[in-house]
Structures are given as structure tokens and as C-alpha cells.
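Shown next, in C-alpha cells, is the structure this report addresses.
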Amino acid sequence: MVFSRALFDTPDEGEILRLAMDYLAAAGQYRAEAGYLEVGGDLFPSPRNGQMHASVVDLRVRELAGQDGPVTVPGRPWGYADLRDSTAISW
């Protein structure tokens with residue numbers, strides 16, 4: 001309930017992405033390695049993206065061209081890009 005209230009309290013897409021990435025990690029066994037906002041048809045990485053994985057994940061998310069799909073994340077057993085409402089979250 002607190003999470004959904006926080007989402008409705010902010011109109012800022014960057015803040016919504018940050019909250020969603022934090023919630024994903026807090027809610028279970030998954031971790032958001034990178035997040036993107038779509039602006040004018042282009043993907044822009046979240047400032048929260050870790051530098052270690054950002055370039056690898058960034059390249060794959062862009063290759064997926066708007067489709068969900070597997071992503072290799074160094075040091076993780078698996079990864080997946082899940083595009084929801086113009087936001088890509090990879091874990």
C-alpha cells in the first residue's frame with residue numbers, strides 16, 4: 001500500500017522508476033540492475049544504473065528494440081529485460 005501511494009504522489013517518471021527499482025529489490029529475490037525511461041522514442045538510462053553492468057545491459061536492452069528478452073548480467077545467474085509502460089527494468 002505504501003508503495004502504490006508513493007507512486008501516485010509523484011508525477012516525475014524518474015522518481016517512479018527509482019521507486020519501482022527499489023521496490024523490486026525489497027519485494028523478493030530479484031534485483032533491478034538497470035532502468036530506462038523512454039523519451040521521444042529514445043531510451044535514457046536511470047542515474048541509478050550501476051556502472052559495472054550498465055554498458056553490457058544497455059547494449060542488450062537497445063538490441064531488444066522494445067521487446068522483452070534475456071539479458072546477460074555479469075555475476076548474476078540470469079537476467080531479463082521486462083519493458084512495462086515505456087520503462088525497461090533488467091534484473
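Predicted, not measured: the structure shown is a model, and the values here were computed from it. All values below come from the heavy atoms of this structure, side chains included, with hydrogens, waters and symmetry mates left out.
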Margin query: Could you report the tightest heavy-atom contact between R62 and P45, atom names first, then the distance?
Written below: NH2-CD, 4.0 Å
Notebook entry, point to check: Which pair of heavy atoms, one from V61 and one from A81, lies closest together, and at what distance?
Noted result: CG2-CB, 4.2 Å
Notebook entry, point to check: Considering residues at least two apart in sequence or located in another chain, which fulfil the side chain to side chain contact (heavy atoms under 4.5 Å, CB included) criterion with R18?
Noted result: E15, D22, R48
Margin query: Can you confirm whether L17 sits close enough to L37 that some side-chain heavy atom of one is under 4.5 Å from a side-chain heavy atom of the other?
Written below: yes
Notebook entry, point to check: Is V71 close to Y80 at the side-chain level, that is, under 4.5 Å between some pair of heavy atoms?
Noted result: no
Notebook entry, point to check: By side chain to side chain contact (heavy atoms under 4.5 Å, CB included), which residues pair with E63, not counting sequence neighbours?
Noted result: L59, R60
Next item on the list: Search all heavy atoms of Y36 against all heavy atoms of V57 and return the closest pair with its distance.
Entry: OH-C, 3.7 Å
Next item on the list: Take E38 and D42 through the side chain to side chain contact (heavy atoms under 4.5 Å, CB included) test and state the conclusion after the steps.
Entry: CA-CA 5 Å; E38 183 180 342; D42 291 324; over 6 Å; no
